[in-house]
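Some notes on the structure that comes next.
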Amino acid sequence: MAATPFQNFWFLTGPTASGKSAVGIELARRIGAEIISLDSIAVYRGMDIGTAKPSVEQRRDVPHHLIDIVEPSEEFSLAQYITAAERVAAEIVGRGREVLFVGGTPLYLKGLLRGIFEGPPADWTLRRRLADDAHSHAEGWLHERLATVDPVSAARLHPNDTRRLIRAIEVFEKTGRPISEWQRQFDVGRSAEECRVFVLDWPKAELYARIERRVEEMFSAGLIEEVRRLLADAERPLSRTARQAVGYREVIEHLEGLHGLAETVELVQRHTRQLAKRQSTWFRSLSECRFVAVCDPFDAAETAVRLSGSFQTQSK
RNA sequence: GGGGGGUUUCCCGAGUGGUCAAAGGGGUCAGACUGUAAAUCUGAUGGCAAUGCCUUCGAAGGUUCGAAUCCUUCACUCCCCA
């Protein structure tokens, strides 16, 4: 799954609330691109307010893909994303247009840039069994168990990193080969000069102010009502991947009576700041990234001009 | 006016003579991350010339070899009776 030359496409990313969507549309216009959303939650239909999806007008203006492609009751995964992105990107290229990825899910970005291994899909029954076994054994059982079949991965993973330990064991059981032998794609990245991966880079205080404001706007735009609607269909409960999204998780808890409204708003703001922090950690670690400094007053069109121009001059 | 409780490191909150710079949680900072990733996991978190030293548990005194822990007074705060 690594062969697709995603490196030749355009990528616009950055932490949440950094203005990616607005800049993306301006940039797409300039370069004649269609946009592929790079967002693990915007794939869900009906999850609009909390994901700050581009508006209908914006989507009419520039074609957007991989938004609203699954039901909130369905699980979604990295591999599904990569597969869908490959397909859509090929279609866009077929139309003779540029491909511009816009969004802030760094794992998906890395998967696009470097490829992912052809592994087995999640087996939730097996995972559940392993988790149960781990509970009934002593601390560190999963880790020891992995060490016997895949010492390399065991050495890399912390004994408490249950999810990755389980996935590593799962891959071994399904394929008979250790996951550490499968996973080579992420080892080496290309340099920023060879790629067009732009990261909107804000001063922290300004970004945090944008986050606070945006979360308040989500609530006044009806986030709580949106969550009520999502929960209304008892036949099709929200999937594990859909319900863990920031904004949704906290509002669900609010509706369950766990915390009041004011506290909920604060929680969403705080968790969003923490998300932004983790996104930034990813960008710093990716050699492909090119940081584009932005600050208030923010001008999306001007930023788009600047980063497309910077590419022309920087790439010789 | 009478009786009882509280004041702990950024926050909440354990700790009732030494093993306490002080549990745990939150926050913050940093890191990891390949089929749950807006998830999950890890480390650090009083100061410093730092295998030790200095400052800290409302304030000031006191007891003791030794106090966040005991005593006295003061300040603020909460509850009950009047």
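This structure is a prediction, so every number in the text was calculated from the model and none was measured. First the proteins, then the strands, lettered A, B, ... as listed; each starts at 1.
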Nucleotide paired to rU72(B) in any strand shown, Watson-Crick or G-U, under 3.5 Å: rA60(B)

Set of ring pair (Phe, Tyr, Trp, His ring centres under 6.0 Å) partners for Y248(A), sequence neighbours left out: none

Touch class at under 4.0 angstrom, heavy-atom based, for L107(A) against every strand present: base

Test item: H65(A) side-chain N/O and I35(A) main-chain N/O as donor-acceptor pair under 3.5 Å: yes

Pair of N/O donor and acceptor under 3.5 Å linking rU34(B) base with Q185(A) side chain: yes

R290(A) side-chain N/O to R196(A) backbone N/O, donor-acceptor pair under 3.5 Å: no

Length of the line joining L238(A):CG and rU36(B):P, which is rounded to integer Å: 18 Å

Separation between the C1' atoms of rG24(B) and rG61(B), rounded to whole Å: 34 Å

Sub-6.0 Å ring centroid separation between F298(A) and W202(A): yes

Touch class at under 4.0 angstrom, heavy-atom based, for F76(A) against every strand present: sugar-phosphate

Distance below 4.0 Å between Y108(A) side-chain N/O and rA37(B) OP1 or OP2: yes

Interatomic distance where CG belongs to L165(A) and P belongs to rC33(B) [whole Å]: 14 Å

Nearest-nucleotide 5' precedence on RNA chain B, L78(A) against G247(A): L78(A)

Set of residues satisfying side chain to side chain donor-acceptor pair (under 3.5 Å) with respect to W182(A), sequence neighbours excluded: T175(A)

Nearest-0.5 Å distance that lies between atom CD in E226(A) and atom CD1 in I49(A): 4.0 Å

Extract all donor-acceptor atom pairs below 3.5 Å that involve side chains of residues 68-77 of chain A and protein atoms in other chains or at least two apart in sequence.
| residue | atom | partner | partner atom | Å |
| --- | --- | --- | --- | --- |
| D68(A) | OD1 | K53(A) | NZ | 2.5 |
| D68(A) | OD2 | R59(A) | NH2 | 2.9 |
| E71(A) | OE2 | R45(A) | NE | 2.6 |
| E71(A) | OE2 | R45(A) | NH2 | 3.0 |
| E74(A) | OE2 | E71(A) | N | 2.9 |
| E75(A) | OE1 | T241(A) | N | 3.3 |
| E75(A) | OE1 | T241(A) | OG1 | 3.2 |
| E75(A) | OE2 | R240(A) | N | 3.3 |
| S77(A) | OG | Q80(A) | N | 3.3 |
| S77(A) | OG | Q80(A) | OE1 | 3.3 |

Give each protein N/O atom lying under 3.5 Å from an N/O atom of nucleotides 28-30 of chain B, with the pair distance.
| residue | atom | partner | partner atom | Å |
| --- | --- | --- | --- | --- |
| rU28(B) | OP2 | Q274(A) | NE2 | 2.7 |
| rC29(B) | OP1 | K204(A) | NZ | 2.8 |

Common cluster, L78(A)/I36(A), ILVMFWY with side-chain heavy-atom separation under 4.5 Å: yes

Return the polar atom pairs (N/O with N/O) between nucleotides 39-42 of chain B and the protein under 3.5 Å, or none.
| residue | atom | partner | partner atom | Å |
| --- | --- | --- | --- | --- |
| rA39(B) | OP1 | R249(A) | NH1 | 3.2 |
| rA39(B) | OP2 | R278(A) | NH1 | 2.5 |
| rA39(B) | OP2 | R278(A) | NH2 | 2.9 |
| rA39(B) | O5' | R249(A) | NH1 | 3.4 |
| rA39(B) | O2' | R163(A) | NH1 | 2.5 |
| rA39(B) | O2' | R163(A) | NH2 | 3.1 |
| rA39(B) | O2' | Q244(A) | OE1 | 3.1 |
| rA39(B) | N1 | R164(A) | NH2 | 3.0 |
| rU40(B) | O4' | R163(A) | NH1 | 3.3 |
| rU40(B) | O2 | R164(A) | NH1 | 3.3 |
| rU40(B) | O2 | R164(A) | NH2 | 3.4 |
| rU42(B) | OP1 | N160(A) | ND2 | 2.6 |

Atom-pair distance (CG on L126(A); P on rG35(B)), nearest Å: 14 Å

Distance between C1' atoms of rG6(B) and rA14(B) (Å, rounded): 15 Å

Whole-Å C1' distance, rU28(B) and rA82(B): 49 Å

Sugar-phosphate only, base, or nothing, as touched by G50(A) at under 4.0 Å among non-hydrogen atoms: base

Check: E194(A)/S191(A) side-chain N/O donor and acceptor closer than 3.5 Å: yes

S40(A), nearest nucleotide to its side chain (from rU36(B), rA32(B), rA37(B)): rA37(B)

Phosphate contact (rA38(B) OP1 or OP2) by T105(A) side-chain N/O below 4.0 Å: yes

M218(A) or V171(A), whichever maps to the more 5' nucleotide of RNA chain B: V171(A)

Whole-angstrom distance between rG58(B) and rA67(B), as gauged at atom P: 15 Å

H137(A) side-chain N/O to D133(A) backbone N/O, donor-acceptor pair under 3.5 Å: yes

Partner set under side-chain contact (heavy atoms from CB on, under 4.5 Å) for P15(A), not counting sequence neighbours: S18(A), L207(A), A276(A), Q279(A), S280(A), F283(A)

Spacing of the C1' atoms in rA59(B) and rC12(B) (rounded, Å): 24 Å

Sugar-phosphate only, base, or nothing, as touched by T16(A) at under 4.0 Å among non-hydrogen atoms: nothing

C1' atoms of rA50(B) and rU40(B), separation to the nearest Å: 35 Å

Atom pair distance, as rounded to whole Å: CZ in F283(A) and P in rG31(B): 13 Å

